[in-house]
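The next block holds one structure in the form of C-alpha cells; read it before the comments.
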Protein chains: 2
Amino acid sequence: MANIKQVAKQAGVSVATVSRFLNNKDYVSQEAKAAIERAIKDLNYRPNQVARSLTTKQTNLIGLIVPDITNPFFPQLARAVEDTALALGYTVVLCNSDEQQEKELHYIAMLRQTYVAGFIVASNLISEQSYLDLNIPVVALDRSPESLLPNVSTNNFEAAKLGASYLIERGAKHLICLRGTVDVASSNERVDGFLAAMTEAVDYEILIGDYGFDNAYKLMTTYLQQGKPVDGIFTCSDYAALGVLKAVKEAGLRVPEDIQIVGYDGIQLGELVPPGLTTVAQPVYNLGEQATRMLVNKLEGKDNPDTRIVLEASLCVRGTTK
Amino acid sequence: MANIKQVAKQAGVSVATVSRFLNNKDYVSQEAKAAIERAIKDLNYRPNQVARSLTTKQTNLIGLIVPDITNPFFPQLARAVEDTALALGYTVVLCNSDEQQEKELHYIAMLRQTYVAGFIVASNLISEQSYLDLNIPVVALDRSPESLLPNVSTNNFEAAKLGASYLIERGAKHLICLRGTVDVASSNERVDGFLAAMTEAVDYEILIGDYGFDNAYKLMTTYLQQGKPVDGIFTCSDYAALGVLKAVKEAGLRVPEDIQIVGYDGIQLGELVPPGLTTVAQPVYNLGEQATRMLVNKLEGKDNPDTRIVLEASLCVRGTTK
DNA sequence: TTGAAAGCGCTAACAC
DNA sequence: GTGTTAGCGCTTTCAA
C-alpha cells in the first residue's frame, strides 16, 4: 500500500500539501489538487487510519455494547445504530459482552486503546461511573431515564404499567411478573410499573430472572409444576416471554385461554410465534437512531440540550392475550 | 494515559528494555523486570495498540462478516466465534453487511486499514477472488465446501437431501423448495440436495427467495393464494421457515396436518415456535469454533493441513412434520 | 543484557 | 499556498 510520501513525490508536492488536501484544510491550489488527485488514483492510495489516529488520537469508531447478541432485540437495535452511524460517517464496532463483565471490560479496554470516539451502551454489567471515568462520550441505550449517562430509552415505568394493566383488563386475576436482574435500574422501573398496575382484585407474585430465554423457561417450568394458580404473566423482555410461552405450552396449558402473556420490547419474532406475542413494543429503530444521533452530536460538539430522550412504548396486541 | 517512555523513566531503564519486557523478547534481567512491573503498575500503563500496530503492521483483530444480524443463525454463530477467538487471544469485530455490498466493502476497507489480522466471512456478497486479493488470511464460514477459500461448512448437499427426504418419508407428495439467492454456491448445493431427494412419486416446485424472513413470508403468501396443492415445504434457512410458517398459518392451513415444513440451520428459536420447527440442524457452535481455529492456525503459521472442514448436519425432528 | 536511534504513516505547527 | 520538521507511542536493528 502506497503512503503519503509516495503520493507527494508523484504529485510533485510536499506531504503537508497532500495531508491538507486529504483533510480539506487550508488552501491548496487547483493545480496541486489536480496533481494529488491523479497521484492518489494512480497509486491507489488510501490514507492509513492507524497512523492518522496515532497522531490525532481520534477515530470515527463507535463502540456499541450489547449484553446478549442472541436476544433478538439487540440485533434489531444494532441494525438501527449501524444504519444511522454509517449515514453520519461513523463505523460501528459491535461488541457482545455476552453477560460477562470480563468480556465487556475487554472490549472497552481494546477500543479505548484504539481511540474509539465514543460508546453506546445497552448492557448493564459495568457501573455508570466506570463509563464516565472513560472520559469520552458515552450514551446509554435502553437503560434507565434516570441514568447518570446521557441516555435514550422508553419510559420503563409507564410502559410496564401499560402491559400489566392490559392483563388485568383482559381478566387476569393471578399474575406473575417475571423480572430481570435485580439492581438494574431499567429492570426495577419495569417492576415498579407492574406493581403500579396491580389492584385489590388481583394477586401477584414476582419472579426474579433475567432478560434471557433459558432462565425464563426454567423458572416458569418449575413454577408451573408447583400448581399454583396463574392466569397472567408479564415478562420484562420478549425473549423471556418466548421462554415462558414454551414452558406454558409444555405444561399443557392453553394460551391465552388458561394463561395470558404480555412481553416487553417488540421484537419482530413476536409476530411469528403463534399465537402472536402481545407485547409492550419499544420503538426499536427509533431508539437506536436517536442514541446514535445523540452520541454523534456530542462527538461533534454540537449544541445539544438533549441529554435524555424518553420515547413512548405502545401496546401491541396479538394472540397471547384474550 | 501513560506511555512507554514514562514507564522507562520511572523504572530507570530504556524504552527498548520496557518494550522487550512487554513482548517477552530477548533477555531482560530480573531487576529490570521487577522495576518495570512496578512502574507499569504505578502508572497504570497499558501499551498503545495503535502505535504498536503502526510499527508492526499487525493486530489481533479478527473481522467476522455476517450477511444479516437479524437472522438468528448469525448471532449464534458470532457467539461461538467470539468465544473461541477470545480464548485464543484475539478480538472479534462483528460486521453486519446487512445484505449490502457497499456496507461489506466499507467494513473490509476499514478493517484492512486497521491491519486486521484476518477475516471470517459468512456472507456471500463479494467474490471470493476479492477476498483472496486482500492477501491476508480469510476463512469462509457456512458457505460452500467447494469454495476457493479455506472453509468450514456443513455438507449442504447431503444435509438438504436429508431434510427433503424426510418430508417425502412422512408422506408429502407436493413439495416446494424455497431456495436462497441464486448463484450462491451453498444455496445451489442445498437445492441440488433437495432435487436429489425427489422421487417419481412426488412433484415439486422451486421458489427463489433468500435466507430472510420477509421474503419467505411474502413468497409463500402469494403462492398459497394461487391454490396449488402443497403439502411439504423445505426451506434453505430456519429464518425463512419461520416466514413460511406464518404464511401457512395465516392461510388457515394446519401444520403439520395440511402442510409439513422442514427448515435448515438449527437455530435455537426453532424449538420455541410452536409446534416446533423440524429442521436440518447444523452444528452451529462447532462451525464457529472450527472456523476460528482454522483462521488462527493460519495467522500463527501453524502446520495446518486443514483448509477445509466439512461437518455433518443432523435431522432435528419437531412438530412441523408428522 | 541494555541503550540510542531510526522509522512506521500521518498531522500540525511554524516558517517562508 | 506550500514545504520542513517535530512528534504521536511503539518496535527493532545496531552497538556497546
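Small disclaimer: the values here were computed from a predicted structure and weren't measured. All values below come from the heavy atoms of this structure, side chains included, with hydrogens, waters and symmetry mates left out. Order of the sequence lines fixes the chain letters, A, B, ..., with proteins taken first and strands second; residue numbering starts at 1 for each chain.
In this structure, B/V18 reaches neither bases nor backbone, as no heavy-atom distance under 4.0 Å exists between it and the strands shown. Residue contacts shown for A/Y45 are limited to sugar-phosphate atoms, with no base heavy atom under 4.0 Å away. Note on B/V13: only backbone sugar-phosphate atoms sit closer than 4.0 angstrom, heavy atoms only; bases stay farther off.
When only modelled atom types and interatomic distance are considered, B/Q113 and A/N48 share no side-chain donor-acceptor pair under 3.5 Å. For the 3.5 Å distance criterion, the side chains of A/T56 and A/S53 fail to qualify, holding no donor opposite an acceptor. No side-chain donor-acceptor contact under 3.5 Å links B/D68 and B/Y239.
Regarding B/L22, its CG atom lies at a distance of 15 Å from the P atom of D/dG9, rounded to whole Å. Atom-to-atom, CD of B/Q49 to P of D/dC10 comes out at 9 Å; the value is rounded to the nearest Å. One atom, OH of A/Y115, and another, P of D/dC8, lie 10 Å apart when rounded to the nearest Å. Whole-Å rounding puts the B/K25 NZ to C/dT1 C1' distance at 16 Å.
At a cut-off of 3.5 angstrom, counting only N and O atoms as typed in the model, there is a donor on one side and an acceptor on the other between the side-chain of B/T55 and the base of D/dG9. For B/R46 against D/dG9, a side-chain-to-base donor-acceptor contact under 3.5 Å is absent.
When the nucleotides C/dG3, D/dG9, D/dT2 are ranked by their closest atom to the side chain of A/A32, D/dT2 comes out on top. Side-chain proximity of A/R52 to C/dC10, D/dC10, C/dC14: nearest is C/dC10.
At a threshold of 4.0 Å, the pair B/K298-B/D306 does not count as salt-bridged, since none of the basic side-chain nitrogens sits closer than that to a carboxylate oxygen. Here A/R38 pairs with A/D42 in a salt bridge; the nearest charged N to carboxylate O distance falls below 4.0 Å. Using a 4.0 Å cut-off between a side-chain N of Lys or Arg and a carboxylate O of Asp or Glu, A/E37 and A/K41 do not qualify as a salt bridge.
Rounded to 10°, the angle separating the first-five-pair axis and the last-five-pair axis of the helix from C/dT1-D/dA16 to C/dC16-D/dG1 equals 40°.
Note on B/N48: every side-chain N or O is 4.0 Å or more away from OP1 and OP2 of D/dG9. The phosphate of D/dT11 has OP1 or OP2 within less than 4.0 Å of a side-chain N or O from B/N23. A sub-4.0 Å separation between OP1 or OP2 of D/dT11 and a side-chain N or O of B/S19 is present. Between D/dG9 and A/K57, a contact under 4.0 Å exists linking OP1 or OP2 to a side-chain N or O.
Put simply, the residue from A/L299, A/T84, A/T292 that forms a side-chain contact (heavy atoms from CB on, under 4.5 Å) with A/Y90 is A/L299.
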